[in-house]
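All values below were derived from every heavy atom in this structure, side-chain atoms included, with hydrogens, water molecules and symmetry-related copies excluded. Here, residue 1 is the first one in the sequence, and each next residue gets the next number.
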Amino acid sequence: MKKEKKLTALFLTFLKIGAFTFGGGYAMISIMEREVVEKRKWVTKEDISEMLIISESTPGVLSINAATFIGYRIGKFKGALLATLGAILPSLILISIIAYFLVWFQEFEIYQNAVKGITCGVAVLITTAVFKLGKNKKMTLFSFIIIIASFLISFFLGINVLFILLGSAILGVLYGLIKPKKGANK
């Protein structure tokens with residue numbers, strides 16, 4: 001019975017996360033961290049960072065991948081399935097309703113203003129997630145250069161983020177191989 005309660009709580013937690021997160025995976029990170037790390041204590045901040053790295057580097061939507069990984073960590077296959085369903089169900093319902101009424105909605109100024117407001121809110125959520133993820137990492141000059149270069153390449157050249165991630169990973173590996181190790185000469 002305890003396992004069923006945990007699985008129900010997992011589903012309801014990701015249903016709540018999915019229902020109150022607009023803007024995709026990055027906007028979901030800070031809410032997800034608060035719910036599964038701080039409130040439920042199902043995983044640690046380090047676990048979240050690792051899961052986000054894996055989620056970002058695997059095919060699919062970041063938020064769904066993260067929900068699946070956390071769900072699996074907590075309840076194996078059933079946990080992964082329930083967390084994933086919880087995360088996607090609100091969006092699926094909302095998108096279905098909006099798709100049905102989209103032409104009608106677009107005519108109303110209140111809809112257009114709501115979309116503008118949501119866009120601003122999403123920008124804040126993404127910025128918050130960036131700073132929260134950055135707090136857990138030791139920043140070096142090299143990592144700072146990679147961050148700035150990745151942003152500039154993405155923003156000004158429009159290169160696919162997948163190639164930027166792959167290039168950053170390769171540079172990180174090369175840097176790790178070339179960088180002199182502390183105490184290696186002693």
Side-chain angles (χ1 to χ4, degrees), residues 1-102 105 114-115 117-119 121-138 150 154 160-166 168-170 172-173:
M1 187 58 121
K2 186 179 179 184
K3 186 177 180 181
E4 288 177 13
K5 279 188 173 184
K6 196 171 204 176
L7 290 174
T8 301
L10 180 68
F11 173 76
L12 292 175
T13 298
F14 276 95
L15 186 69
K16 176 181 168 183
I17 292 168
F20 293 104
T21 304
F22 293 93
Y26 294 109
M28 181 188 246
I29 293 169
S30 59
I31 296 169
M32 184 172 51
E33 186 176 331
R34 184 178 63 237
E35 289 294 322
V36 301
V37 175
E38 296 168 12
K39 189 175 177 184
R40 303 271 183 188
K41 298 189 186 333
W42 285 335
V43 293
T44 65
K45 284 186 179 187
E46 291 77 24
D47 291 334
I48 290 286
S49 292
E50 289 174 14
M51 287 180 205
L52 290 172
I53 291 167
I54 292 168
S55 296
E56 183 62 41
S57 60
T58 55
V61 180
L62 176 112
S63 58
I64 303 307
N65 290 347
T68 304
F69 283 123
I70 291 170
Y72 186 81
R73 171 75 58 91
I74 294 162
K76 301 296 179 208
F77 177 77
K78 283 184 181 179
L81 181 65
L82 289 171
T84 303
L85 284 174
I88 66 171
L89 199 55
S91 296
L92 181 64
I93 292 169
L94 185 61
I95 293 298
S96 297
I97 292 169
I98 289 174
Y100 185 75
F101 292 105
L102 185 60
F105 273 126
V115 169
I118 289 171
T119 302
V122 167
V124 170
L125 289 173
I126 292 171
T127 304
T128 301
V130 167
F131 284 108
K132 279 191 172 191
L133 286 174
K135 282 183 183 178
N136 296 337
K137 301 298 172 200
K138 180 181 164 190
S150 297
S154 174
N160 188 308
V161 176
L162 181 63
F163 295 119
I164 294 172
L165 286 172
L166 184 61
S168 298
I170 291 169
V173 169

Give every donor-acceptor pair under 3.5 Å between a side-chain atom in residues 75-85 and any protein atom, sequence neighbours left out.
residue : atom : partner : partner atom : Å
T84     : OG1  : T68     : OG1          : 2.6
T84     : OG1  : A80     : O            : 2.7

Where K41 and E38 come nearest, the two heavy atoms and their spacing: NZ-O, 3.1 Å
Nearest heavy-atom neighbours spanning M32 and I17: CA-CD1, 3.8 Å
My understanding is that only residues two or more places apart in sequence, or in another chain, count here; which of them pass side chain to side chain contact (heavy atoms under 4.5 Å, CB included) with [X]?
{"X": "L165", "answer": "E56, V161"}
{"X": "T119", "answer": "V115"}
{"X": "S49", "answer": "L133, N136, K137"}
{"X": "T128", "answer": "S30, V124, K132"}

Atom [atom1] of [X] and atom [atom2] of [Y]: how far apart are they, to the nearest 0.5 Å?
{"X": "T44", "Y": "E33", "atom1": "OG1", "atom2": "CD", "result": "10.0 Å"}
{"X": "W42", "Y": "K6", "atom1": "CH2", "atom2": "NZ", "result": "7.5 Å"}
{"X": "E35", "Y": "R40", "atom1": "CD", "atom2": "CZ", "result": "6.5 Å"}
{"X": "T13", "Y": "F11", "atom1": "OG1", "atom2": "CZ", "result": "10.5 Å"}

Tell me, do I70 and D47 make a side-chain contact under 4.5 Å, heavy atoms counted? no
Check residues 87-98 and write down every donor-acceptor pair under 3.5 Å in which the side-chain atom is one partner and the other belongs to a residue at least two apart or another chain.
residue : atom : partner : partner atom : Å
S96     : OG   : L92     : O            : 2.7

